[in-house]
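In this text the structure is predicted, and so the values were computed from the model without any measurement. The chains referred to below are lettered A, B, ... by the order of the sequence lines, with proteins before strands, and numbering in each begins at 1.
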Amino acid sequence: MSSSPPASLNPAQLEAVHHLSGPCLVIAGAGSGKTRVITTKIARLLEGGYLPRQIAAITFTNKAAQEMRERAKSLVGPKAAKDLAISTFHSLGVRLLREEGSRLGLKEQFSILDSDDVLSVLKDAGGTTDINTARQWQWTISLWKNQGLNAAQAAAAAKNDNERAAAAVMTRYQERLAAYQAVDFDDLIQLPLKLLTTDAEARAKWQDKLRYVLVDEYQDTNAVQYELLKSLVGDRGMFTAVGDDDQSIYGWRGATIENLKRLPSDYPLLKVIPLEQNYRSTGAILRAANNVIAGNPKIYEKKLWSEYGDGEPIALLECDGEEHEAERAVARINALRAEGKAPNYSDFAILYRANHQARIFEQALRRAQIPYKVSGGQSFFDRAEIKDLCAWLRLLVNQDDDPAFLRAVSTPKRGIGHQTLGSLGEFAAKWKCSMFEALFAESLSSALSTRAIGSLHEFGRYVNDLEYRARHAEGHEAARTLLMEWLLDIGYEQHLTDSEENEKVAAARWSNVIDFIDWIAKRCGGLPEDGGQESEKQTVLQVAQTISIILSIAERGDEQDQVTLTTLHASKGLEWPHVLLAGVNEGLLPFKVEDDDMTPERLQEERRLMYVGITRARQTLAVSTLRRRKKGRETIAGIPSRFIAEMKLHEGSGREDPREKLKRMRAELAAQAAARATPNG
DNA sequence: TTAAGGGTGATTTTT
DNA sequence: TCACCCTTAA
């Protein structure tokens, strides 16, 4: 490998890559090649003597982490790439807690609850069956945790009855997590921070382990993540934060751009490097983006530019209602394809503010027989009933899977409540074993009543029995029989009817369950294939073992030639040759519900959302707005978003507006005449 | 009185 | 699309 990065990096990128002596903040405009900077910098660090495992690159999503590792691999080779500590905030937290959790009284195999698990613990802890109440609590508690508040502090900060109730539930919730030896996603950040701030030995150890830290999407960090980074990098402050204040759109879930503002004062040696050259969009698109974002106060000055030509002017589509908007979107897609400007359907994206806006576009695209995919919607496997059953299967495969145990043991309810599970959890923590293992321990009788132990044993025996049968049921018929027996044994259909008021919903859930059973049974084989041959038979247990792999492949529906429909939020980080921003109306973008006062901060975040949307486009951008929209039975006037005016579509290049062009030419002629009149000043 | 069916309204989401 | 509310019919 050459000693210097590829010559094709621009000066700002080079500066960002080569600044190794201290803290570095890269303000990476949209499409400015930030991933390239991060991966090149990793290569540079390796050359500078860092070991791969000493370099931590932190992202927000698993997908981003995976992509970064891939990109790094092509630059530094597979061996070094494998050892790099590239991970999400949360998986870094998991790593820390697995290794050091004992210092916080956490057993090594603690459980991580997903948001579904959290919801059921909250329902239980708060004594409600109402999902919306529980969701409200979950939301409030999570925000508090993201601000670094514990239950007591939250109680003190609570401003109204709802918040006071949430704080009270939070206390019980935390007790329960502790008893189960479980943590939630927020704890994966909060607890490592607690460890590093209270335990000097652990802090020194980890600061030594991770010598250099790179953070991607820095503008999305919350208060707790800021503190975690701060204690990870210590006084040495060897880190590179890469982010864009103009793309901070997650304030509502705790991200704070204070983290960007604070950085220079917390690290006086901080080197701030803006990346302004854009390698993605045409001049017209960038001009509109710059014009819109100019309405926001700046933290760091930055203006995107590119070497590409001005390109197509931005199209403004004024529509008579949602149906019309969808029709025009379809027409535009067909037109651009007919003109040969877009060979593939995957060159198009339709972006909108709220998920439900996808519906009407789906209808229109289906009618026009244009393939599309809606990203963001929850998949079949995210449904509660499917996750219930997956928990059972996971437990069959691995009895030490505590979250699976907790879910299976309590769905359906079988007289094993949180008291029993709490004691079992404590017992398991004490003996450093899984909850399932603990359940058969002799000495458990000292911790639990005979009756509780009886129920637990009954459950344990049933799981073992089921595991035995699953090991032997082979082929789709045997599988289906077994799986249906299982559902009957645990009374799952009854559970659905009991837990759901609405009979129709319960029936729909049950039908999902049947689909899922069929899906597994089919995978157990023994069915004739295309060649007439029977497929190879597998046992239910074998299929259960591969289920997580199958699920992750099943999710991969991309690679297809389809138009993308997605929310503005989910579009961040992506790009398409042709983008349509839909429903750019007051009330929707910026979003506003009746009688709420829009704070300047809220409006600014909405503006950044618009900015993110605009900068997704490479070649053409269309912005559609509703002149009329339906409200109930009547049609009301739609007001175009203020952001449309802010784009200043008729200013700038002079190409779109002949009047502007004329004015400029006159001014130029006058200037020339003036220059001739007074030669050389 | 109850069930069924239409109409309506909807922030944004990852771990 | 999905959940909820209100109307309507038996």
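- To the nearest angstrom, P of dT12(B) lies 14 Å from CD of Glu605(A).
- In this structure, Leu609(A) places its CG atom 10 Å from P of dT13(B), rounding to the nearest Å.
- One interatomic measurement links the two molecules: CG of Asp114(A) to P of dT15(B), which rounds to 12 Å at whole-angstrom precision.
- Taking atom CG of Asn512(A) as the reference point, atom C1' of dC2(C) lies 13 Å away to the nearest angstrom.
- Nucleic acid contact for Asn62(A): sugar-phosphate only, since backbone atoms but no base atoms lie under 4.0 Å from a heavy atom of the residue.
- Residue side chain Trp252(A) meets the stacking definition with respect to dT12(B): its ring centre sits within less than 5.5 angstrom of the base's six-membered ring centre, and the planes differ by less than 30 degrees.
- Among dT15(B), dT12(B), dA10(B), the nucleotide with an atom closest to any side-chain atom of Ala354(A) is dT12(B).
- Arg135(A) has its CZ atom 13 Å from the P atom of dC2(C), to the nearest Å.
- Leu97(A) places its CG atom 18 Å from the P atom of dT15(B), with the value rounded to the nearest Å.
- Residue Thr567(A) places at least one side-chain N or O closer than 4.0 Å to OP1 or OP2 of dT13(B).
- Remark: C1' of dT8(B) and CD1 of Ile360(A) are 14 Å apart, rounded to the nearest angstrom.
- Contact between the side-chain N/O atoms of Asn355(A) and the OP1/OP2 oxygens of dT12(B) is found at a separation under 4.0 Å.
- Listed by chain and number, the residues in a side-chain contact (heavy atoms from CB on, under 4.5 Å) with Asn162(A) are Asn160(A) (sequence neighbours excluded).
- Residues Val612(A) and Ser571(A) form a side-chain contact, since some pair of their non-hydrogen atoms from C-beta on lies under 4.5 Å apart.
- The nucleotide whose nearest atom lies closest to any side-chain atom of Arg353(A) is, among dT11(B), dT15(B), dT13(B), dT11(B).
- Atom CD1 of Ile131(A) and atom P of dC2(C) are 15 Å apart (whole Å).
- Among the nucleotides dT15(B), dT12(B), dT14(B), the one closest to the side chain of Arg253(A) is dT14(B).
- Identified under the salt bridge (charged side-chain N to carboxylate O under 4.0 Å, His left out) test for residues 178-194 of chain A, with sequence neighbours left out: Lys145(A)-Asp184(A), Lys145(A)-Asp187(A).
- Among the atoms of the strands shown, base atoms are found under 4.0 Å from some heavy atom of Phe591(A).
- Taking 4.0 Å as the cut-off between side-chain N and carboxylate O, Glu385(A) and Arg509(A) count as a salt-bridged pair.
- Of the residues listed (Lys592(A), Arg642(A), Arg353(A)), the one engaging Glu606(A) in a side chain to side chain donor-acceptor pair (under 3.5 Å) is Arg353(A), and it is the only one.
- Across all strands shown, Asn132(A) has heavy atoms under 4.0 Å from sugar-phosphate atoms exclusively, and none from any base.
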